[in-house]
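Reviewing the structure listed below.
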Amino acid sequence: MRDLYEVGIHKALGYLPTKTIINICGKSIQEIIDFVEANGLRHWLYQTDCVSELYVYDVTMLTQMINNYAEVLNAAGIPTSSSQDYIEFIAKNLVQQEKYPQAYAVIGKTFNDDGFSDVDIRMK
């Protein structure tokens, strides 16, 4: 649950599959939504026939990151018009590390995950 509970503190964006939240963490989706709302965060539930994931994000932190790296993100075709558009894009599309290493690294930074890349993308 740390992936969601650290949003707004150490990271701009987090997500977990809903099955993990329910079956492994023993939480209901509503409990997490209540936590999100109580902490001034936002959520987005991404569902397809095969996937169900809950994304939690801090609008201010995520917007700042998107703005700081807009040039890199736009070069990879990743929308920068809003945090919601950004999240929906990265949930539905694979950004290839080999083709767009800097954009891939920025995505990792939004999740506070240095494992995405060792590409240098210092904040402006």
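Under the 4.5 Å side-chain contact rule for hydrophobic residues, L45 and V36 share a cluster. If you chain together hydrophobic residues whose side chains sit under 4.5 Å apart, I21 and L41 fall into the same group. At a threshold of 4.5 Å between side-chain heavy atoms, the hydrophobic network of Ile, Leu, Val, Met, Phe, Trp and Tyr places I66 and I90 in one connected group. Cluster annotation: I33 is connected to Y5 through the hydrophobic network of ILVMFWY side chains, with a link wherever side-chain heavy atoms come within less than 4.5 Å.
The closest side-chain heavy-atom distance from N74 to I78 is not below 4.5 Å. The shortest side-chain heavy-atom distance between L73 and V106 falls under the 4.5 Å cut-off. By the 4.5 Å heavy-atom criterion applied to side chains, Y104 and Q96 are not counted as neighbours. At a threshold of 4.5 Å between non-hydrogen side-chain atoms, the residues S28 and I22 do not count as touching. In this structure, V56 and F35 have side chains that are not in contact, with every pair of non-hydrogen atoms separated by 4.5 Å or more. The shortest distance between side-chain heavy atoms of V51 and Q47 does not fall below 4.5 Å. The shortest side-chain heavy-atom distance between M1 and I32 falls under the 4.5 Å cut-off. In this structure the side chain of S83 reaches within 4.5 angstrom of the side chain of Y57, judged on heavy atoms.
Taking the salt bridge (charged side-chain N to carboxylate O under 4.0 Å, His left out) definition, one finds that K99 meets it with nothing, sequence neighbours left out.
Distance alone, capped at 3.5 Å, places no donor-acceptor pair between the T20 side chain and the L16 backbone. At least one donor-acceptor pair closer than 3.5 Å links the side chain of D58 to the backbone N or O of T60. For D85 (side chain) and S81 (main-chain N/O), no donor-acceptor pair under 3.5 Å exists by modelled atom type.
Neither side chain, Y86 nor Q84, offers a donor N or O lying under 3.5 Å from an acceptor on the other.
Heavy-atom minimum distance, A91 versus W44: CB-CZ3, 3.6 Å. Closest approach of A103 and V95 over heavy atoms only: CB-CG1, 4.3 Å. Across all their heavy atoms, Y100 and A75 have their closest contact at CE2-O, 3.4 Å. Here the shortest heavy-atom pairing between L4 and L54 reads CD2-O, 4.1 Å.
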Item to check | Intermediate values then yes/no, side-chain hydrogen bond (donor to acceptor under 3.5 Å, both in side chains), Y69 and E71 | outcome: CA-CA 6 Å; Y69 296 112; E71 188 175 321; over 6 Å; no

Item to check | Chi angles and distances behind the side-chain contact (heavy atoms from CB on, under 4.5 Å) call for E88, Y55 | outcome: CA-CA 10 Å; E88 287 185 29; Y55 286 77; over 6 Å; no

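For the atom pair OG1 of T48 and CD of E53, the computed distance is 8.0 Å after rounding to the nearest 0.5 Å. Note that CD1 of I107 and CD of Q102 are 12.5 Å apart. Values are rounded to the nearest 0.5 Å.
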Could you tabulate the donor-acceptor pairs under 3.5 Å formed by side-chain atoms of residues 6-15, not counting sequence neighbours?
unit_1, atom_1, unit_2, atom_2, d
K11, NZ, D3, O, 3.3
K11, NZ, D3, OD1, 2.5
K11, NZ, F111, O, 3.4

